[in-house]
Amino acid sequence: MILRPHLAHDRSETAISFARRLGQFHTGRGGARRLLEDLGIDLRAFLAGAPDAVAILAAAAAVEPEALADSMIRRLDRCREFRGERWTRGFVLPEGARFCPDCLLEDGVAGAEWRGIGRIAWRLRPVLTCHRHHRSLITLPGAEASDDLDYRFPSAAELREMAVETQVQVPTPLETMILDRLAGSRSAGGSWLGLQTLEQAVQVCEMVGATVGQGPAFDHGSFTPEDWRRAGAAGFAIASRGEGAVREALDGIASLSTTSSGKAGPKAIYGRLYEWLAYGSPVVDQGPIREVLREHILDTLAIEPGELLLGERVEIRRLHSVHSLSERTGLHRKRLRKILVRTGLVSEASWDMAANRLVFPAQLAEDMCRDIVDAVSLHLVPEVIGCSRTQAESLHREGILRPVVDRDLGSGIGKIAFARRDLEGFLMTLSGLPLEVEGADGVVDLVNAAKRTGRTTGDLVARVLAGTLPAVRRRGDVGLAQIRIRSRDLEPLKVLVGAAIST
């Protein structure tokens, strides 16, 4: 059965609006329910967007089933679905809950109710503006309880009776992006937002905008639709520039935190933004912002391995804080801060930062602490690398052996000590020198080499390590005392007569 005369389906209207207008047009009364029942269409199947139900109505109305399905906001048990995108139920308003009276009057609703077109855009929670008339949309009281199938728009007389005045209102860029996407037009949202579902794009704009504007602990429960509209506009200005701009915004949000608790976690730092992603709907994915925030947290906060962070276990610690490193190593926080500043892991300007916010690479910091705990004092270095105290001091002066932390009496660091692993690495390098040929003539040790050339042990060893001064080593335990250099290779290195000689 084909309904005649033909009533065209408007591309901007919902499938339910079209069914309602068909019923009013062909029967003069009632809404969509009576028509669907007469056509033998199961009401629940139609609201769920079942292909068979949509196809029956499309055939009766002589419209393309694909076009009708494209305008259907499917009502599923735990969510809504539109053009393959899954939305939360709160993202979609009931049919007729919000509308533009100017649009209805232009449709000709004063003469016949079936002319009033229910726009898809009116069903979306973040759209509060009519793009055609630049006026605020009207939201009817108690709209949440309306019946999608039997509702009807107010007549012209009823609209006048309501005496509701709409406000002049320019659409925000976020609202414009929504309309562009509904129309299949190119939007100004950028590639990062463009790869997300419509609700994901809207929510990340709203949440980032609200957090940046109101602070991490903003009271979302008191936000009005207009508050969310403004927040969405502010967030769109950020998110439309891509993921990098969002990460910059997260930097700013984290800097607003005033907590000084050593155990303060991401919830305390990012506030409502973190709560939304950590405890939000498990049915509808919030999109890439979850991974962006998770990576930002791992890159800026000291998160323990094994901790559940936004739905995933943390496998490896990336950062330590003064607090976490102190707990792990047993070193006092005050001493750790001094050491971290001296080693350049943190800046001098970090003294006022809370112990949980001063962070640095975890592996580098743990290695440094192990070096400190297992460090070798300068007076013990000769025993480790096989040299004299004078030679050890020379290697230190030349920068060949670098202490774990430079001495700084002003900050309480007065001991010169070297990482055992650095000393072992130095010996490993020496072990790579060629072995001395048995019975070779014309070779001297480093003590005599220094005396002949007038150069320091550190100078000579630096040249050996750089490969510019050939050297060999004797068999046996590796050490500086086993190094030998040919006399003829020392001739070019002699300093002027009278220069000080130091071994």
Side-chain angles (χ1 to χ4, degrees), residues 339 342-345 363-364 367-408 413-503:
I339 293 171
R342 291 298 299 164
T343 56
L345 279 180
Q363 192 61 55
L364 191 61
D367 290 345
M368 179 197 70
C369 287
R370 278 195 294 270
D371 290 342
I372 290 173
V373 172
D374 198 31
V376 178
S377 298
L378 179 59
H379 72 279
L380 295 177
V381 169
E383 297 179 18
V384 178
I385 65 172
C387 68
S388 68
R389 173 68 180 264
T390 304
Q391 287 178 316
E393 291 174 349
S394 179
L395 294 177
H396 170 229
R397 285 195 303 271
E398 291 293 333
I400 295 171
L401 298 182
R402 298 180 182 277
V404 178
V405 184
D406 290 330
R407 181 164 55 182
D408 181 11
I413 301 174
K415 177 181 175 183
I416 299 178
F418 303 86
R420 187 170 295 277
R421 64 189 177 104
D422 288 346
L423 298 179
E424 291 172 351
F426 175 71
L427 291 176
M428 182 63 69
T429 301
L430 295 184
S431 70
L433 293 175
L435 290 173
E436 180 185 13
V437 177
E438 294 289 341
D441 295 328
V443 295
V444 298
D445 60 19
L446 283 171
V447 174
N448 284 295
K451 290 179 179 179
R452 292 190 182 194
T453 59
R455 296 184 180 274
T456 65
T457 298
D459 184 336
L460 295 173
V461 172
R463 295 171 186 273
V464 170
L465 296 178
T468 58
L469 177 60
V472 295
R473 66 177 178 86
R474 287 192 166 184
R475 296 180 185 276
D477 294 338
V478 179
L480 212 64
Q482 309 303 316
I483 304 302
R484 297 291 183 268
I485 302 172
R486 291 180 300 189
S487 298
R488 68 172 182 267
D489 291 328
L490 295 173
E491 289 299 320
L493 300 180
K494 290 183 178 180
V495 297
L496 294 176
V497 176
I501 300 176
S502 174
T503 58

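Along the sequence shown, residues carry numbers from 1. Bear in mind the structure is a predicted one, so any value in this text is a computation, not a measurement.
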* Kindly give the heavy-atom pair with the smallest separation between L469 and D489, and that separation in Å. => CD1-O, 3.8 Å

* Asked: So, for V384 and V376, which heavy atoms are closest and what is the spacing to 0.1 Å?
  -> CG2-CG1, 4.1 Å

* Sub-4.5 Å side-chain heavy-atom contact between L446 and V464 -> no

* Asked: Residues two or more places apart in sequence or in another chain: which of them pass side-chain contact (heavy atoms from CB on, under 4.5 Å) with E383?
  -> L380

* Asked: At what distance, to the nearest 0.5 angstrom, does CD1 of I485 lie from CG of N448?
  -> 10.5 Å

* Taking all non-hydrogen atoms of both residues, which atom of P382 and which atom of C387 are closest, and how far apart? -> CB-O, 2.9 Å

* For the student: nearest non-hydrogen atoms of T456 and S394, plus distance -> CB-OG, 3.6 Å

* Decide yes or no for V444 and K451: does some side-chain heavy atom of the first lie under 4.5 Å from some side-chain heavy atom of the second? => no

* Asked: Can you check whether L395 reaches V381 side chain to side chain, under 4.5 Å on heavy atoms?
  -> no

* Would you give the length of the straight line joining atom CG of D459 to atom CZ of R397, rounded to the nearest 0.5 angstrom? => 11.5 Å

* Asked: Which residues pass the salt bridge (Lys or Arg N to Asp or Glu O under 4.0 Å) test with D445, sequence neighbours left out?
  -> none

* To the nearest 0.5 Å, tell me how far L378 CG sits from L401 CG. => 9.0 Å

* To do: Determine which pairs satisfy ring-ring contact (aromatic ring centres under 6.0 Å, His included) with at least one residue from residues 422-442, sequence neighbours left out, and list them in order.
  => none

* Asked: Pick one: which of R389, Q391, H396 meets side-chain hydrogen bond (donor to acceptor under 3.5 Å, both in side chains) with E393?
  -> R389

* To do: Looking only at non-hydrogen atoms, find the nearest pair between V404 and A375 and report the distance.
  => CG2-CB, 4.4 Å

* Asked: In Å and rounded to the nearest 0.5 Å, what is the OG1 to CG distance from T468 to L460?
  -> 10.0 Å

* Kindly write out the residues that satisfy side-chain contact (heavy atoms from CB on, under 4.5 Å) with T429, not counting sequence neighbours, or none if the list is empty. => L465

* Sequence neighbours excluded - side chain to side chain donor-acceptor pair (under 3.5 Å) pairs with any residue from residues 472-485 -> E436-R474

Do any side-chain atoms of residues 416-425 form donor-acceptor pairs under 3.5 angstrom with protein atoms, and if so which ones, sequence neighbours left out?
{"from": "R421", "atom 1": "NE", "to": "D371", "atom 2": "OD1", "distance (Å)": "2.8"}
{"from": "R421", "atom 1": "NE", "to": "D371", "atom 2": "OD2", "distance (Å)": "3.0"}
{"from": "R421", "atom 1": "NH2", "to": "D371", "atom 2": "OD2", "distance (Å)": "3.0"}

* Gap separating the CG atom of L493 from the CZ atom of R452, nearest 0.5 angstrom -> 12.5 Å

